[in-house]
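Throughout, protein chains are lettered first and strands after them, A, B, ... in sequence-line order, and every chain is numbered starting at 1.
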2 protein chains.
Amino acid sequence: MAVTLKEVAKMAGVSRSAVSRTFTSGASVSEKTRKKVEKAARELGFRPSLIARSLATKRTKLIGLIANNFQNPIFLEVFDLYTQALQKLGLRPLLVNLTNETNLDQSIEMLRQYNVDGVIVATSTLPPYFAKSLKDAQLPVVHVFGRAGIGTDVHVVGVDNFSCGQMAAETLYNYGYRQLAFLGGPETATTTQDRAAGFVKFLQDRGIEPADIRYASAYEYQAGRTAMSELLQAKTVEAVFCGDDLICMGALDEARQSGIKVPEELGLIGFNDLEIAQWSAYDLTTIRQPTRDIIKSSIELIVGLVDEPDRALEARVFPCSVVERGTLKARSAAADT
Amino acid sequence: MAVTLKEVAKMAGVSRSAVSRTFTSGASVSEKTRKKVEKAARELGFRPSLIARSLATKRTKLIGLIANNFQNPIFLEVFDLYTQALQKLGLRPLLVNLTNETNLDQSIEMLRQYNVDGVIVATSTLPPYFAKSLKDAQLPVVHVFGRAGIGTDVHVVGVDNFSCGQMAAETLYNYGYRQLAFLGGPETATTTQDRAAGFVKFLQDRGIEPADIRYASAYEYQAGRTAMSELLQAKTVEAVFCGDDLICMGALDEARQSGIKVPEELGLIGFNDLEIAQWSAYDLTTIRQPTRDIIKSSIELIVGLVDEPDRALEARVFPCSVVERGTLKARSAAADT
DNA sequence: AGTGATTTTGCAACCGGTTGCAAAATTTAT
DNA sequence: ATAAATTTTGCAACCGGTTGCAAAATCACT
């Protein structure tokens, strides 16, 4: 069916090894045989089988890409960046959907069976069992968008969510808001916990108690709406830091439908800077993480780990920034410093 | 490193074939040896290498999943459904990003080298060159969301975009709108062409000339805004059929910012029923395609094709439906029939 | 127990590449 | 021209499974 080494070798009048060598970078072949082989290969339409090569070299050029959130558009961007960047390096992403925990074992099994060279986990929280299994399988792992901290046993590339929380609080504070609430994603997510902690810390350092700390059931629009609705009934606040833009948009729509004007009567700041955030219907002030840089770095890291699995554990932390748009407004009673 | 057949065989005191057979469904092994082998395998933590198996069986269980649009959230849903459904069948998606045409050849190369069992192309338009290359490589191909029609040489699963265009026109017509415009995606996309044609046909059958036919430069929000802005300057229309929800949301925001009230002064109908379409800031009336069914069917088809590559060419067409929300309003001068 | 039919088993070749090693060919130095 | 050093080449084993085939084992039946 497909053209193999042997046929090319026969046609070029050389040994199989010679053919193999012309297609392996760094192998020694004379210019003369290389030419012959390339000619034969071209005429026969030969392409070396990656499967066979993988078997022999024990490298598959496959990178497992694990995600468990297919609701948030940010992941579409993530997939876009990963596929493109990996492609450029001659690598391929093997996409694993970890939405149902039921297939967790099955997924790990698969990753091992396919002999992926490395695994990139793009979930806000890394299930410990998952981490352990990958460790046991001796697979290089990079947790992207994860929590960098002590006690972790995988490499992490992401942002410091604690600082992000502080940054959000600081932004609101500088605008003059004083009655502040945090409206995060699920409380179990370490990202949420860290953002909340940073947010609270900043305020308490200034002697302010947060007016409300609340968690949406998911990083989703509807969850944001529901949580916001509850928040509005329970407390009166001047501004809310939402742990994700989707939640923030839900909160914004909920506020609007309750007749609350944003930013006149309520300030909102989101997280992630989704593309939608800049749509004029929302025009969200938000905190953005440098997704592109994070992903680029995570790929460099995983590629490095493939060749050097025992590298020292590393946490690569990138800075976030505030994107100012239309959901915050300076308070008349603004105080500075 | 990893545990292999040989070691399990040794431990269980049987031949390698016996071990292989216990892990191959449909092979004949006695209950006794199966037990022995399974015990040994369990103790050693053996998992058969899919790479080696692929080499021998010439089946990789890898399905190429080709996409070229990582801007539209609909594809996140598509990826979600595909990964889950494929996983359930023990298959894996190998995601290929065809955004830059530059790497088209490279991508095909990859698909062939990885020996994917089949390819699912999820792009609105199938580049002919791409189709031909896959054909040449003898790879089973299913074009999902593609155009079902004569002259195609690949299997297609999707909707009848011509009917969808008619359906959109009919919906607007029944609401009493008479000055109608079409605002599609790029004119080169066959989906756009078909929707436009259906739209125009319905109107002309009733003696109505469409007020405007216009194409956004991409299936994106900003493109929608820009195109809508131009449309508003050029014509006065009562309602617009947008070839995609993203475009429709751009159009809606553009109209609003121009001080035009929707639906009071302008009717809008979109396409795709993105999750965002139901957000209260948009509340789009739109046409939805049964994505879930389409994807399910496309997987069944590709799986069938793997075993039976010469199946008769098939087009599976699913019906669309109108999702009524808030961007259309019955005209006072409504005429029926 | 003996015969034939059926199932289970191991051997060995194969899938399509890679690679260490020694022989052959080429280059360089004398 | 010859010897030494260097490069290129082919052989053969290997990566970790599968599978056709014939021998061995088991089963069914007189």
Phosphate contact (D:dT9 OP1 or OP2) by A:S30 side-chain N/O below 4.0 Å
yes
Could you check how far NZ of B:K36 sits from P of C:dG10, rounded to whole Å?
8 Å
With side-chain contact (heavy atoms from CB on, under 4.5 Å) as the test, pick out the partner of A:R53 among A:I51, A:L50, A:L55.
A:L50
Taking the ring centre of each residue, are B:F79 and B:F70 less than 6.0 Å apart?
yes
Can you tell me if A:T33 touches the phosphate of D:dT9, counting only side-chain N or O atoms and a distance under 4.0 Å to OP1 or OP2?
yes
Is a donor-acceptor contact shorter than 3.5 angstrom present between the side chain of B:R16 and the base of D:dG17?
yes
N-O pairing of A:D307 and A:R59 below 4.0 Å:
yes
Go through C:dG10, D:dG16, C:dC15 for me and flag the one nearest to the B:A18 side chain.
C:dG10
Tell me the interatomic distance from A:E31, atom CD, to D:dT6, atom P, rounded to whole angstroms.
21 Å
A:N115 CG - D:dG16 P separation (whole Å):
9 Å
Check the distance between C:dC15's P and A:E7's CD and give it to me in whole angstrom.
10 Å
A:L5 has an atom CG; how far is it from atom P of D:dT9, in whole Å?
15 Å
Phosphate oxygens OP1/OP2 of C:dG17: is one of them under 4.0 Å from a side-chain N or O of A:K6?
no
Validation: residues 8-20 of chain A side-chain donor-acceptor distances under 3.5 Å, sequence neighbours left out:
| from | atom 1 | to | atom 2 | distance (Å) |
| --- | --- | --- | --- | --- |
| A:S15 | OG | A:S17 | N | 3.4 |
| A:S15 | OG | A:A18 | N | 3.2 |

Name the closest nucleotide to the B:A56 side chain, picking from D:dC15, D:dG16, C:dG10.
D:dG16
Heavy atoms only, 4.0 Å cut-off, all strands: where does B:S17 land among base, sugar-phosphate and nothing?
base
If you go through the side-chain atoms of A:R21, does one of them form a donor-acceptor pair with the base of C:dG17 closer than 3.5 Å?
no
Could you tell me whether A:S54 contacts a base, only the sugar-phosphate backbone, or nothing, with contacts defined as non-hydrogen atoms closer than 4.0 Å?
nothing
Options C:dG16, D:dT9, C:dG10, nucleotide nearest the side-chain atoms of B:L55
C:dG16
Separation of atom CD in B:Q113 from atom P in C:dC15, rounded to whole Å
20 Å
Side chain of B:S15 only, heavy atoms from C-beta on: which candidate in D:dC15, C:dG10, C:dT8 is closest?
C:dG10
Regarding the side chain of B:S49, the nearest nucleotide among D:dG16, C:dG16, C:dG17 is D:dG16
Look at all strands and tell whether A:S20 reaches a base, only sugar-phosphate, or nothing, counting heavy atoms closer than 4.0 Å.
base
Taking the side chain of A:S28 as its heavy atoms from C-beta onward, which of C:dT8, D:dT8, D:dG17 lies nearest to it?
D:dT8
Can you tell me how far P of C:dG16 sits from CD1 of A:I51, to the nearest Å?
11 Å
Expressed in angstrom and rounded to an integer, what is the separation of A:K32 atom NZ from D:dT9 atom P?
8 Å
Exceeds 12 heavy-atom contacts within 6.0 angstrom, atom NZ of A:K36
yes
For the side chain of B:V14, starting at C-beta, report the closest nucleotide among C:dG17, C:dG10, D:dT9.
C:dG10
Where each residue is assigned the nucleotide of DNA chain C containing its nearest heavy atom, which of B:G13 and A:T57 is assigned the position nearer the 5′ end?
B:G13
Would you mind classifying the nucleic acid contact of B:V19 as base, sugar-phosphate or nothing, using non-hydrogen atoms under 4.0 angstrom?
nothing
Residue pair B:T60 / B:D117, side-chain donor-acceptor N/O under 3.5 Å
yes
